[in-house]
Amino acid sequence: MTNYTDLNTSERILLGPGPSTAHPRVLRAMAQPLVGHLDPQFLKVMDETQELLRFVFQTENELTLPISATGSAGMEAALCNFIEPGDEVLIGVIGYFGERLCDMAARYGANVRKLEKPWGEVIDPAEIEAELKAKPAKIVAMVHAETSTGAWQPVEEISRIVHNYGGLFLLDCVTSLGGLPVKIDEWEVDIAYSAAQKCLSCPPGLAPLTINDRAREVMCKRKKPTSNWYLDLCLLDNYWGDVRTYHHTAPISTIFALREGLRLAYEEGLEARFKRHRKNAELLWAGFEAMGIELHVPVEIRLPTLTTPRIPDGVDDMLVRKRLLDEYNVEIAGGFSQLAGQVWRIGLMGYSSRRENVTLLLAALKEILNSV
Ligand SMILES: *Cc1c(COP(=O)(O)O)cnc(C)c1O
């Protein structure tokens with residue numbers, strides 16, 4: 001008989017593009033006894049989770065809820081509820097996750113137009129304006145924090161332009177929410193989604209999503225319901241809204257986790273939280289500069305939540321990452337596609353964004369690079 005041992009995972013320090021390290025308080029919240037998904041105790045948890053989501057999204061949007069699946073499901077819900085076959089959709093592609101938006105939008109029958117940039121750059125508002133002037137779009141979608149490159153896309157002015165041309169502005173906030181300012185109402189972002197396992201210090205499994213009244217109106221005017229039953233926001237709104245009609249069994253323990261992750265953000269305060277992310281990122285950047293290692297993204301558009309140092313010539317990418325994991329319990333990631341073998345991807349997100357993690361990583365890298 002096979003001896004299946006108790007699970008005994010290492011206390012890894014997760015400094016990759018996600019998941020980031022879950023906060024101990026989040027893991028404790030997950031271990032609470034299970035209650036039913038219509039138990040009054042759970043209904044209260046749902047209400048509080050929605051309130052806290054509005055807090056981190058900086059929005060009053062009523063339709064704000066966690067989708068019961070990972071960030072990609074948030075992306076899919078953000079597209080499938082608004083796209084009808086033949087719709088014009090303009091997508092800003094500054095890396096891998098922009099490509100994924102294009103793939104999904106096309107599957108729902110959109111005429112996808114791509115505005116593409118080399119990996120590490122961002123899109124200029126004037127370029128969006130020129131595209132919309134040539135041909136309007138029902139939806140303009142882009143990624144706020146491109147986890148594949150480390151670039152931070154400015155969006156405020158683009159949102160204004162999109163509305164001037166009568167479109168909806170859709171924003172992927174997966175690697176920004178909880179780590180840098182995401183001002184849904186002030187910027188008039190119509191549709192936004194994120195993921196629990198990046199800057200919110202939770203395990204993967206939930207995708208916070210919010211839409212405003214402008215987006216809701218477009219959704220309600222559809223000729224036919226979306227072909228995706230599970231992610232239909234009209235049905236989900238009946239479950240998460242006042243009616244609380246059963247739709248699917250909420251992942252109770254994962255929602256306990258999200259509530260705790262959000263409560264941590266609330267206690268810390270958004271400004272203090274963004275400052276912490278910034279400070280730790282600057283410490284990391286200074287460390288790389290002192291080691292003579294170049295950073296792929298210029299400082300003006302560099303994300304504090306994800307840094308992409310260029311791998312020095314002659315250094316074995318895989319070997320360095322393996323030694324970091326084996327000898328220091330630290331996980332970072334490599335680049336892929338356009339940046340394969342060229343950069344490392346280092347996330348300082350949520351609970352992972354701590355000074356001691358930065359100093360450990362820099363010291364470990366120095367030791368490894370000196371010994372190869
Ligand atoms: C991680 C990520 C996603 C996808 O989220 P999953 O939880 O892996 O499904 C989408 N967009 C961005 C920018 C991401 O970093």
Side-chain angles (χ1 to χ4, degrees), residues 14-22 26 53 56-57 66-80 91-105 107 116-117 119-123 141-155 169-182 189 191-210 228 230-231 251 254-255 257-258 261 277 281 297 301-308 331-339 343-350 352-353:
L14 300 177
L15 304 182
S20 60
T21 309
V26 167
L53 280 177
V56 291
F57 272 126
I67 300 283
S68 303
T70 68
S72 304
M75 185 185 279
E76 190 128 9
L79 292 167
C80 76
I91 301 180
V93 179
I94 58 169
Y96 173 79
F97 290 102
E99 290 288 352
R100 186 176 289 186
L101 278 166
C102 295
D103 186 355
M104 281 187 190
R107 287 173 190 231
E116 245 180 311
K117 287 280 174 176
W119 287 29
E121 296 179 19
V122 294
I123 290 165
M142 50 198 344
V143 176
H144 194 203
E146 188 40 89
T147 326
S148 60
T149 71
W152 181 350
Q153 172 68 56
V155 295
F169 186 52
L170 186 163
L171 192 62
D172 174 312
C173 304
V174 173
T175 295
S176 54
L177 189 72
L180 49 102
V182 173
V189 178
I191 306 160
Y193 60 89
S194 187
Q197 79 275 18
K198 310 263 169 127
C199 303
L200 297 174
S201 318
C202 294
L206 289 170
L209 176 140
T210 187
N228 191 319
Y230 192 67
L231 298 176
T254 318
I255 289 174
L258 180 61
H277 279 81
V297 176
I301 54 161
R302 188 184 298 154
L303 284 172
T305 48
L306 193 109
T307 301
T308 41
E331 179 183 277
I332 66 166
F336 63 103
S337 185
Q338 281 185 29
L339 294 177
V343 298
W344 284 307
R345 290 187 300 147
I346 299 171
L348 293 175
M349 306 182 195
S352 283
S353 170

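Both ligands and their constituent atoms are indexed starting at 1 by order of listing.
- Heavy-atom proximity to Ser72, at under 4.0 Å, picks out these atoms of ligand 1: 4 (C), 5 (O), 6 (P), 9 (O).
- Under the 4.0 angstrom criterion for non-hydrogen atoms, Lys198 is in contact with ligand 1.
- For Thr305 (side chain) and Ser176 (main-chain N/O), no donor-acceptor pair under 3.5 Å exists by modelled atom type.
- For Val182 against Cys173, the heavy-atom pair with the smallest separation is CG1-SG, 3.8 Å.
- Looking at Thr175 against ligand 1, only its side chain comes within 4.0 Å, counting heavy atoms.
- Looking at atom 10 (C) of ligand 1, its nearest protein heavy atom turns out to be Phe97 CD2, 3.4 Å.
- Here the closest non-hydrogen pair linking Pro251 and Ser68 is CD-OG, 3.3 Å.
- Close approach to Asp172 involves these atoms of ligand 1, each under 4.0 Å from a residue heavy atom: 10 (C), 11 (N), 12 (C), 13 (C).
- With Ser20 contributing its side chain and Leu14 its backbone, the two residues share no donor-acceptor pair below 3.5 Å.
- Here Met349 contributes atom CE and Thr21 contributes atom OG1; the two are 11.0 Å apart, rounded to the nearest 0.5 Å.
- Closest of all the heavy-atom pairs between Val122 and Ile94 is CA-CG2, 3.9 Å.
- Within the 4.5 Å cutoff, the side chain of Thr175 has no heavy atoms near those of the Phe97 side chain.
- For the pair Gln153 (side chain) and Ile123 (backbone), a donor-acceptor distance under 3.5 Å is present.
- When heavy-atom distances to ligand 1 are checked against a 4.0 Å cut-off, Pro204 has no atom that comes that close, whether in backbone or side chain.
- Ligand 1 has no nitrogen or oxygen under 3.5 angstrom from a nitrogen or oxygen of Arg100.
- Annotation for ligand 1: atoms under 4.0 Å from non-hydrogen atoms of Ala145 are 13 (C).
- Residue contact annotation: Ala73 has no non-hydrogen atom under 4.0 Å from ligand 1.
- To the nearest 0.5 Å, atoms OG (Ser337) and CH2 (Trp119) are separated by 4.0 Å.
- Taking any N or O of Thr147, backbone or side chain, at least one lies under 3.5 Å from an N or O belonging to ligand 1.
- Heavy atoms only, all atoms of each residue included: Val93 and Cys102 are closest at CG2-SG, 3.6 Å.
- Distances below 4.0 Å separate heavy atoms of Thr70 from the following atoms of ligand 1: 6 (P), 7 (O), 9 (O).
- Of all atoms in ligand 1, listed by their number and element, those nearer than 4.0 Å to a heavy atom of Gly71 are 5 (O), 6 (P), 7 (O), 9 (O).
- Distances between N or O atoms of Met75 and those of ligand 1 include no value under 3.5 Å.
- Within ligand 1, the atoms closer than 4.0 Å to a non-hydrogen atom of Val174 are 1 (C), 2 (C), 3 (C), 10 (C), 11 (N), 12 (C), 13 (C), 14 (C), 15 (O), numbered from 1 in the order shown.
- The closest approach between Gln197 and ligand 1 falls below 4.0 Å for a heavy atom of the residue.
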